[in-house]
A.B. asks: 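Before I ask anything, let me first share the structure, which is written out below as structure tokens.
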Amino acid sequence: MNLIKHFVGGKITPGNSERKGKVFNPATGEQESEVILASKSDLDGAVEIAQKAFETWSLNPPLQRARIMFRFKELIEKNFDELAKLIVSEHGKVYEDAKGSLIRGLEVVEFACGIPHLLKGEFSENVGTNVDSYSMRQPLGVAAGITPFNFPAMVPMWMFPLAIACGNSFILKPSEKDPSCPMKLAELLHEAGLPEGVFNVVNGDKEVVDAILTNQNIKAVSFVGSTPIAKYIYENAAKNEKRVQALGGAKNHLVVMPDCDLDGAVNGLMGAAYGSAGERCMAQSVAVAVGDIGDELVSRLSKKAEALKIGPGMDKSSEMGPLVTKEHLEKVKGYVDLGVKEGAKLVLDGRNLKLQGYENGFYIGGCLFDHVSTDMRIYKEEIFGPVLSVVRVKTFEEATKMINEHEYGNGVSIYTRDGDAGRTFASKIQVGMVGINVPIPVPMAFHSFGGWKRSLFGDSGTHGMEGVKFYTKLKTITSRWPSGIRSNPEFIMPTMK
Ligand code: NAD
């Protein structure tokens, strides 16, 4: 059986832990690999190596760091097919979707290629007579990233390209469910000329995460995953005096206004609810039907959802692949059972789907609930599967109030032809990423990604300038040269004279 190890100090290494996790191919349900789950001492050893690497890497001019990013970009492009296949084989999503997610990660590498420009500080001449002031951004040291299963390439790439380009070294702790793609990315960075120890992958579970949170040499922690763990990371990283950004779970709404282009809204919802089998933090899992649009919306959605082509991710005709593990499949099915018990109308039931030749794969068909109400758990909780709930409301105001009262605030969309409604929605909605006639409003690499409320703990989102700021410390220098030095001591707060 394939054994997945760690990548530390420029090489693949087994570490000293005996513990192993199972990695499945969700399309067949077969276990295809084992991943070594590192110990605390493995992590501490990797941090020591990363700290040493940081001391020289951080002195490299940003332009040299950028050149490595350019070479890394080329290598990703050259190895695109292999990387996408690794994602499909352990996550299960369809090949074209895996490629799309890789491109969104690649865009952050492209953004990081501009690091000499992004790190430029500010300069003010003559803040006082003959006194100048300027600022610079300097790297932090060793940064760590802890990432979820649903985007094994893209989410780590929200983090490490910028962290490294800013001059830090990095420890990635990927999801133990699909660690092969991050391992391949580490090899490519090495091939691109990144010095040993600047980027390291330590595979594992809670034991490594806790070791990251307590290691004194780790200065910043980026986390993406579920809300309870995000909160745990936020509290414990802060307690141990680290910078932290912790992105959590979501329950995203797509508001369908009666005046909208309904075909556009239905197609948008189909991709956003069922794409990647709903295993996206920006999946639209609640459709809010405003006014009298509900019947027509549900009728069109159910026809399309019933016709979804479900199959292995490598099958070209598949629109939706399996879920990531058997446990997750059972959890999602459990939510569908719950919705029925809670009194929602199950318009489309995907629980009994069986695929010939793939009987052991972790598949579920698209599910659609109508008449979901805000007191139901299927409305309140993140299901993270291909289960779309329709909530019917009378007015735009009722729709926005309901969204603003939800505990999550990651993404949201509105479909309308009314500019006034669109503008008011963008202004008043308590959510971090908003789409207007756009179903999945994931910001591009040169903007930043981050939700509000319990979808993000910390002050900054990932990538874009938020990422540059997160991975650097600001230093401001005030300087005067000898001809301007005042000769007498002064005991009052310096002010401009
Ligand atoms: P998860 O929280 O179970 O795991 C995320 C990471 O935390 C993994 O690396 C895992 O090993 C680690 N972890 C798990 N349990 C832990 C524990 N008890 N102590 C310490 N570390 C632990 O999340 P997941 O199931 O891998 O991913 C799905 C979740 O991620 C969903 O909630 C989804 O919304 C969220 N997500 C959010 C975003 C975002 O940008 N907000 C993006 C992608 C995914």
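Read the numbers this way: they start at 1 and go in the same order the structure lists the ligands and their atoms. Position 1 is the first residue of the sequence, and the numbers go up from there.
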A.B. asks: So is Glu382 polar-close to ligand 1, meaning N/O to N/O under 3.5 Å?
C.D. replies: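 Yes; the residue has a nitrogen or oxygen that sits under 3.5 Å from a nitrogen or oxygen of the ligand.
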
A.B. asks: Just let me know how Asn410 lines up against ligand 1, side chain, backbone, both or neither, with a heavy-atom cut-off below 4.0 Å.
C.D. replies: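 Near ligand 1, Asn410 shows its side chain, while the N, CA, C and O stay back.
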
A.B. asks: So, Ser39 and Asn16: side-chain donor and acceptor under 3.5 Å apart, yes or no?
C.D. replies: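 Side-chain D/A pair, Ser39 to Asn16: present.
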
A.B. asks: Which ligand 1 atoms does Val209 reach within 4.0 Å, using its non-hydrogen atoms?
C.D. replies: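 Near Val209, meaning under 4.0 Å from one of its heavy atoms, ligand 1 has 20 (C), 21 (N).
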
A.B. asks: Answer with side chain, backbone, both or neither: which part of Tyr408 has a heavy atom less than 4.0 angstrom from an atom of ligand 1?
C.D. replies: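 Neither; no heavy atom under 4.0 Å.
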
A.B. asks: If we only count N/O pairs under 3.5 Å, is Glu176 in contact with ligand 1?
C.D. replies: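 Yes, at least one N or O pair falls under 3.5 Å.
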
A.B. asks: Got an N/O contact under 3.5 Å between Thr147 and ligand 1?
C.D. replies: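 Between Thr147 and ligand 1, an N or O pair is found under 3.5 Å apart.
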
A.B. asks: Can you name the closest pair of heavy atoms from Ala220 and Leu140 and give their distance?
C.D. replies: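 Minimum heavy-atom contact is CB-CD1, 3.6 Å.
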
A.B. asks: Identify, with sequence neighbours excluded, every residue that meets side chain to side chain contact (heavy atoms under 4.5 Å, CB included) alongside Thr227.
C.D. replies: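 Partners of Thr227 by the side chain to side chain contact (heavy atoms under 4.5 Å, CB included) criterion, ordered by chain and then number, come out as Tyr408, Arg454, Phe457.
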
A.B. asks: Specify the protein heavy atom at minimum distance from atom 7 (O) of ligand 1: its residue, its atom name, and the distance to 0.1 Å.
C.D. replies: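 Looking only at protein heavy atoms, the one closest to atom 7 (O) of ligand 1 is Phe223 CE1, 3.4 Å.
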
A.B. asks: Please indicate, with yes or no, if any protein heavy atom is found under 4.0 Å from atom 4 (O) of ligand 1?
C.D. replies: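 False for atom 4 (O) of ligand 1.
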
A.B. asks: Without hydrogens or angle criteria, can the side chains of Asn215 and Lys40 be said to hold a donor-acceptor pair below 3.5 Å?
C.D. replies: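 Checked: Asn215/Lys40 side chains show no N/O donor-acceptor pair below 3.5 Å.
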
A.B. asks: What is the closest protein heavy atom to atom 24 (P) of ligand 1, and at what distance does it sit?
C.D. replies: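 The closest one turns out to be Phe149 CD2, 3.6 Å.
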
A.B. asks: In the protein, what heavy atom is nearest to atom 39 (C) of ligand 1, and what distance, to one decimal place, separates them?
C.D. replies: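 Of the protein heavy atoms, Cys281 SG, 3.4 Å lies nearest.
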
A.B. asks: Go through the side-chain N and O atoms of Tyr95 and Asp81 and say whether any donor and acceptor fall under 3.5 Å apart.
C.D. replies: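 Per modelled atom types, Tyr95 and Asp81 side chains form a pair under 3.5 Å.
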
A.B. asks: Nearest to atom 23 (O) of ligand 1, what protein heavy atom do you find, and at what distance?
C.D. replies: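 In this structure, atom 23 (O) of ligand 1 has Ser226 N, 3.6 Å as its nearest protein heavy atom.
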
A.B. asks: Between His406 and Tyr379, is the gap from one ring center to the other below 6.0 Å?
C.D. replies: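 They qualify: ring centres under 6.0 Å apart.
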
A.B. asks: Thinking salt bridges, do Lys73 and Glu77 make one under a 4.0 Å N-O criterion?
C.D. replies: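 Yes, Lys73 and Glu77 are salt-bridged.
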
A.B. asks: Rounded to the nearest 0.5 Å, what separation is found between the CD atom of Glu196 and the CG atom of Leu194?
C.D. replies: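 Here the interatomic distance stands at 10.0 Å.
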
A.B. asks: Could you tell me, atom by atom, which parts of ligand 1 come under 4.0 Å of a heavy atom of Trp158?
C.D. replies: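 Listed by number with element: 40 (O).
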
A.B. asks: Considering heavy atoms of the protein only, find what lies nearest to atom 28 (C) of ligand 1 and give residue, atom and distance to 0.1 Å.
C.D. replies: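 Among all protein heavy atoms, the one nearest atom 28 (C) of ligand 1 is Phe384 CE2, 3.6 Å.
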
A.B. asks: Which is closest to atom 13 (N) of ligand 1 by heavy-atom distance: Ile146, Val442, Ile229?
C.D. replies: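 Heavy atom nearest to atom 13 (N) of ligand 1 belongs to Ile229.
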
A.B. asks: May I ask you to identify, for Met282, whether its side chain, its backbone, both or neither come under 4.0 Å of ligand 1 on a heavy-atom basis?
C.D. replies: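 Neither part.
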
A.B. asks: Hey, is ligand 1 close enough to Asp210 that some N/O pair sits below 3.5 Å?
C.D. replies: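 No, no N or O pair falls under 3.5 Å.
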
A.B. asks: Could you tell me whether the side chains of Ser413 and Gln284 share a donor-acceptor contact shorter than 3.5 Å?
C.D. replies: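 Yes, because at least one side-chain N or O of Ser413 sits under 3.5 Å from a partner of the opposite role on Gln284.
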
A.B. asks: Measure centre to centre between the rings of Phe111 and His463, then say whether the value is under 6.0 Å.
C.D. replies: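 No, the ring centres sit 6.0 Å or more apart.
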
A.B. asks: I need the nearest protein heavy-atom contact for atom 40 (O) of ligand 1: residue, atom name and distance, please.
C.D. replies: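 Among all protein heavy atoms, the one nearest atom 40 (O) of ligand 1 is Phe449 CE2, 3.0 Å.
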
A.B. asks: Atom 44 (C) of ligand 1: which protein heavy atom is closest, and how many Å away?
C.D. replies: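 So the nearest neighbour among protein heavy atoms is Asn150 OD1, 3.2 Å.
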
A.B. asks: Taking only non-hydrogen atoms of Gly248, do any sit less than 4.0 angstrom from ligand 1?
C.D. replies: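 Under 4.0 Å: yes for Gly248.
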
A.B. asks: Specify the protein heavy atom at minimum distance from atom 35 (C) of ligand 1: its residue, its atom name, and the distance to 0.1 Å.
C.D. replies: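 Ranking protein heavy atoms by distance from atom 35 (C) of ligand 1, first comes Gly225 O, 3.1 Å.
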
A.B. asks: To the nearest 0.5 angstrom, please state how far the CG atom of Leu474 sits from the NZ atom of Lys469.
C.D. replies: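 Leu474 atom CG to Lys469 atom NZ measures 9.0 Å (nearest 0.5 Å).
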
A.B. asks: For Tyr358 and Asp315, does a side-chain donor sit closer than 3.5 Å to a side-chain acceptor?
C.D. replies: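 Judged by distance alone, the side chains do not pair up.
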
